[in-house]
Protein chains: 2
Amino acid sequence: MFIEIDFNSEEAFYIQLRNQIIIGIATNQFREGDTLPSVRQLAENVGINMHTVNKAYSVLKQEGFIRLDRRKGAVIALDADKLHAMEELEENLRVVLARAVCKGVAEEEVHQMVSEIFREMC
Amino acid sequence: MFIEIDFNSEEAFYIQLRNQIIIGIATNQFREGDTLPSVRQLAENVGINMHTVNKAYSVLKQEGFIRLDRRKGAVIALDADKLHAMEELEENLRVVLARAVCKGVAEEEVHQMVSEIFREMC
DNA sequence: CAGTTGTTATACTATGGATATAACAAAAGA
DNA sequence: TCTTTTGTTATATCCATAGTATAACAACTG
């Protein structure tokens, strides 16, 4: 799995890391039980500070995507709190879709895009 | 149209304003040509500073949702750059859906949610 | 034993969010 | 004409966050 930082992006480094890892899990490049690189290792690989990686991992733990093990490090472990995930999804979709609707994107086009993205996942 | 600030939210005030106005446009509470409240007026109504509202309006202009007129103020005016909107939508959906997929949300459930949200818009 | 792990603590810089005043030209209303 | 309101611009300040830099410690690994 390739993780890399876009240093020109306005998105915070730890958010970029978080999102890429979540997409990695969704696309099955990381699976339940797999171990992520150590904070020092990943930090060196992508060229950022150790604490920034640590923050990304902390957020991922707090959001229920990984478990932080003293001996194994960061392990993929999903909490599967589906109700909470659905609520969060709806809030996010409402904003994201509103932006698209204003610019003339049709419902059918959204459904197609959703199907296409799901084809890459699971 | 009710615009209000959640002072406990972690989201920046100007982002909250931006999102609510965009949703307002998408749900037809604001229509092309309608005028938004003046920066001073809206600032007083929702209880925040004038410059924060000004920033929200600047972002909305830069993103192609309103036009800032010397005489009329902030006027709803969509640039309808659909190609750009589609690209942005796909990027956003990829992250948002990945989070949901990890927590066990099924494709069919997403389609239903999209349809439901579209029912509130247009 | 040496090296690596996660973890915690502290300190510093830079940036961004939010506020507070202030001022100005242009437009609107009386 | 006078006053008010408009958008706009310019400073300045305060605080939180992002990112980096060292450092140290206990626990696990080889």
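Computation of the quantities below employed the complete heavy-atom set of this structure, encompassing side-chain atoms and omitting hydrogens, waters and symmetry-equivalent molecules.
Residue B/Ile3 is tested with B/Val53, B/Leu17, B/Asn45 for a side-chain contact (heavy atoms from CB on, under 4.5 Å); the sole match is B/Leu17.
Counting only heavy atoms from C-beta on, B/Ile48 has its side chain closest to C/dT19 among C/dT19, D/dG7, C/dG17. The B/Tyr14 side chain lies nearest to C/dA18 when the options are D/dG19, C/dA18, C/dT5. Each of C/dT19, D/dT20, D/dG7 was ranked by its minimum atom distance to the side chain of B/Val39; first place goes to D/dG7.
Between B/Asn49 and C/dA20 there is a side-chain N or O to OP1 or OP2 distance below 4.0 Å. Neither OP1 nor OP2 of C/dG6 sits under 4.0 Å from any side-chain N or O of A/Tyr57. Side-chain N/O atoms of B/Lys55 include one lying less than 4.0 angstrom from OP1 or OP2 on C/dG17. At D/dT20, one or more side-chain N or O atoms of A/Thr52 fall inside 4.0 Å of OP1 or OP2 (strictly under the cut-off).
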Please list each protein N or O that sits under 3.5 Å from an N or O in nucleotides 8-10 of chain C, with the distance.
{"unit_1": "C/dT8", "atom_1": "O4", "unit_2": "A/His51", "atom_2": "NE2", "d": "3.4"}
{"unit_1": "C/dA9", "atom_1": "N6", "unit_2": "A/His51", "atom_2": "NE2", "d": "2.6"}

N/O to N/O distances under 3.5 Å, protein versus nucleotides 25-30 of chain D:
{"unit_1": "D/dA26", "atom_1": "N3", "unit_2": "A/Arg70", "atom_2": "NH2", "d": "3.4"}

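In this structure, A/Phe13 places its CZ atom 12 Å from C1' of C/dA14, rounding to the nearest Å. Rounded to whole Å, atom C1' of C/dT4 lies 15 Å from atom CG of A/Asp69. Spacing between atom CD of B/Glu10 and atom C1' of D/dA18 amounts to 15 Å, rounded to whole angstrom units. We find that CG of B/Leu36 is positioned 13 Å from P of D/dT6, with the value rounded to whole Å. B/Leu42 places its CG atom 12 Å from the P atom of D/dT6, with the value rounded to the nearest Å. Remark: C1' of C/dT19 and CD1 of B/Ile5 are 14 Å apart, rounded to the nearest angstrom.
Atom SG of A/Cys102 is separated from atom CD1 of B/Ile76 by 8.5 Å, given to the nearest 0.5 angstrom.
For B/Glu11, the CD atom is densely surrounded, since the number of other residues' heavy atoms within 6.0 Å is greater than 12. Applying the 6.0 Å contact sphere to NZ of B/Lys61 captures no more than 12 heavy atoms from other residues, nucleotides or ligands.
No hydrogens or angles considered: a donor-acceptor pair under 3.5 Å links the side chains of B/Glu107 and B/His111.
Closest-nucleotide positions on DNA chain C for A/Leu68 and B/Ile15 were compared, and the one nearer the 5' end corresponds to A/Leu68. For the pair B/Gly73 and A/Glu11, nearest-nucleotide mapping onto DNA chain D gives the more 5' position to B/Gly73.
Note on B/Lys82 versus A/Glu109: salt bridge recorded, some NZ/NE/NH1/NH2 to OD/OE distance being below 4.0 Å. A/Glu120 has a carboxylate O that lies under 4.0 Å from a charged side-chain N of B/Arg94, or vice versa, which qualifies the two as a salt bridge.
Proximity of A/Phe65 to A/Ile22: side-chain heavy atoms (C-beta onward) are separated by under 4.5 Å at one or more points.
Under a hydrophobic-cluster definition in which Ile, Leu, Val, Met, Phe, Trp and Tyr are linked whenever side-chain heavy atoms come within less than 4.5 Å, directly or via other members, B/Val96 and A/Val105 are assigned to the same cluster.
No close placement of the B/Tyr57 and B/Tyr14 rings is indicated, their centers lying 6.0 Å or farther apart.
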